[in-house]
Novice: 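Before I ask anything, let me first share the structure, which is written out below as C-alpha cells.
Below, chain A is the first sequence line, B the second, and so on; all start at residue 1. Because the structure is predicted, anything quoted here is derived from the model rather than measured.
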Protein chains: 2
Amino acid sequence: MDYKDFENCGLKKALNMVSGKWKPMILHFLFHYGEYRFNDLWRSMPKVSKKVLTEHLRQMEEQGLIKRREVNGFPLEVYYHLSEKGRELGPILAALDEFGNS
Amino acid sequence: MDYKDFENCGLKKALNMVSGKWKPMILHFLFHYGEYRFNDLWRSMPKVSKKVLTEHLRQMEEQGLIKRREVNGFPLEVYYHLSEKGRELGPILAALDEFGNS
DNA sequence: CAGAATCCATTTTGATACTG
DNA sequence: CAGTATCAAAATGGATTCTG
C-alpha cells in the first residue's frame, strides 16, 4: 500500500467537493432553502467576493453537486439548487457535524 | 438562519480536522498500519516537507484525532497512532470515499 | 443581475539547512 | 531521528472595476 492509492481515491474527490472556504456554507444554505438566487446567496455570506463565490459554485456544478437554473429576462435571474447527488451528502455532513460536536 | 450558525458548528470543526493537503493521507496510513513512526510516515509521503508534516500532526493531535508516543533513547523514536475519537472517523471517511467514487 | 477581468493580500506548502 | 528555523514558491481568497 502506498501513497498512490490516494491520488484517485473517492475520499480525496469527496473532500475536494467540500473544501474551499465557503463550500460548506453554500451547501448549508442550499439544503435549507432548496433553491437560492445568486445575489441572495452572495449577500447572505458577507466577505465572500463574487469572484470566489462564482468559482466555488462552478466547481460544485462540475462535480455534480449542484445545478444552475437560469431565467431569461432583464435583469437576469440565476438560481442554484442541490442535485440528487448533492442531497446524498446530507447524512454524511450530518455525521461529520455530530462528530465535530462531540 | 444566517451565516453565523456556521462559525462554531461541528461540521466546520470536523472539516478542519481533515483539511490540509496531507491529513487524509496521514489518516489513511494510521488506519492501515495502526502505529507509524514519524520518519517512516514521512518517507511514505514524497513531497511533504517535514515542517508541514509536523504541523499537520500537531494539529491533529490537538484536535484529539491522533496520539504521539515517544520512546526515549538515541536515536529518538516517535510513533503516531489514532485515538479512540480518531477511529470513530472510520465509517464517515468510508462513506465519503464511497460517495466520491459514485 | 450575474458574472468576468485584473490586481493585490493572505494562507498554505515546500526546500534547505540546522539542532538536541 | 525528530523535529525547528528561515526563506521562497504556490495556491487561495478578496477588492475593485467593468460588461452583456
Novice: Round to the nearest Å and state the distance from A/Trp42 atom CH2 to D/dG14 atom P.
Specialist: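 Value for this atom pair: 12 Å.
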
Novice: Take the protein atom CD of B/Glu77 and the nucleotide atom P of D/dA2, then report the distance between them rounded to whole Å.
Specialist: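 To the nearest whole Å, that distance equals 7 Å.
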
Novice: Tell me the interatomic distance from B/Leu41, atom CG, to D/dA2, atom C1', rounded to whole angstroms.
Specialist: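 These atoms are roughly 12 Å apart.
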
Novice: Out of curiosity, A/Ser102 OG to B/Lys85 NZ, how far, rounded to the nearest 0.5 Å?
Specialist: 4.5 Å

Novice: Looking only at atom types and distance, does a side-chain atom of B/Arg69 sit under 3.5 Å from a main-chain N or O of B/Tyr80, one as donor and one as acceptor?
Specialist: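 Absent.
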
Novice: Among residues 17-40 of chain A, which ones have heavy-atom contacts with DNA chain D below 4.0 Å?
Specialist: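 Only A/Gly20, A/Lys21, A/Trp22 qualify.
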
Novice: Whole angstrom is fine here: how far is it from CD in B/Glu55 over to P in D/dT6?
Specialist: 14 Å

Novice: Taking atom CD of A/Glu7 as the centre, report whether more than 12 heavy atoms of other residues, nucleotides or ligands fall under 6.0 Å from it.
Specialist: yes

Novice: Rounded off to whole Å, could you give me the NZ-to-C1' distance for the A/Lys50 and D/dG13 pair?
Specialist: 16 Å

Novice: Using a cut-off of 4.0 Å on non-hydrogen atoms, how would the nucleic acid contact of A/Tyr79 be classed: base, sugar-phosphate, or nothing?
Specialist: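 It contacts nothing in the nucleic acid.
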
Novice: Would you confirm whether the ring centroid of B/His28 sits within less than 6.0 angstrom of the ring centroid of A/Phe6?
Specialist: yes

Novice: Nearest 0.5 Å, what's the CE-CG distance between B/Met25 and A/Asp5?
Specialist: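 If I round to the nearest 0.5 Å, the distance is 9.0 Å.
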
Novice: Distance under 4.0 Å to a non-hydrogen atom of chain B counts as contact; along DNA chain C, which nucleotides mark the start and end?
Specialist: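 That gives a stretch of C/dT13 to C/dA15.
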
Novice: Between the opening five pairs and the closing five pairs of the helix from C/dC1-D/dG20 to C/dG20-D/dC1, how far apart are the helix axes, to 10°?
Specialist: 50°

Novice: Only distances under 3.5 Å count here; give the side-chain donor-acceptor pairs of residues 56-68 of chain A to other protein atoms, sequence neighbours excluded, each with its distance to 0.1 Å.
Specialist:
| unit_1 | atom_1 | unit_2 | atom_2 | d |
| --- | --- | --- | --- | --- |
| A/Gln59 | OE1 | A/Lys23 | NZ | 2.7 |
| A/Arg68 | NH1 | A/Glu70 | OE1 | 2.7 |
| A/Arg68 | NH2 | A/Glu70 | OE1 | 3.3 |

Novice: How long is the line joining CG of B/Leu57 and P of D/dG3, in whole Å?
Specialist: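 B/Leu57 atom CG is separated from D/dG3 atom P by 8 Å.
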
Novice: Can you measure A/Leu53 atom CG to D/dA15 atom C1' for me and round it to whole angstrom units?
Specialist: 15 Å

Novice: Whole angstrom is fine here: how far is it from NZ in A/Lys51 over to P in D/dT19?
Specialist: 19 Å

Novice: So, taking the atom named CG in A/Leu93 and the one named CG in B/Leu11, what distance separates them when rounded to the nearest 0.5 Å?
Specialist: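 Going from the CG atom of A/Leu93 to the CG atom of B/Leu11 covers 5.5 Å.
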
Novice: Can you confirm whether more than 12 heavy atoms, excluding those of B/Asn8, are under 6.0 Å from its CG atom?
Specialist: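 Count not over threshold, so no.
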
Novice: Contact list please: residues 66-76 of chain A against DNA chain D, heavy atoms, distance less than 4.0 Å, in numerical order.
Specialist: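 DNA chain D contact set from residues 66-76 of chain A: none.
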
Novice: Ignoring hydrogens and angles, tell me if any N or O in the side chain of A/Trp22 forms a donor-acceptor pair with the backbone of A/Leu53 under 3.5 Å.
Specialist: no

Novice: Would you compute the distance between atom CG of B/Leu89 and atom CG of B/Leu96 and round it to the nearest 0.5 angstrom?
Specialist: 9.5 Å

Novice: Within this structure, what is the CG-CD distance for the pair A/Leu30 and A/Glu35, rounded to the nearest 0.5 Å?
Specialist: 9.0 Å

Novice: Do the numbers put B/Lys47 on top of the ring of A/Tyr3, so that NZ or CZ is under 6.0 Å from the six-membered ring centre and no more than 45° off the axis?
Specialist: no

Novice: Which heavy atom of A/Ala14 sits nearest a heavy atom of B/Phe99, and at what distance?
Specialist: CB-CD2, 4.3 Å

Novice: Apart from B/Tyr79 itself, what residues make up its hydrophobic cluster, given side-chain heavy atom links below 4.5 Å?
Specialist: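 Result for B/Tyr79 is B/Val71.
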
Novice: By the 4.0 Å heavy-atom rule, please label A/Lys47 as base, sugar-phosphate, or nothing.
Specialist: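 Sugar-phosphate, backbone atoms only, no base.
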
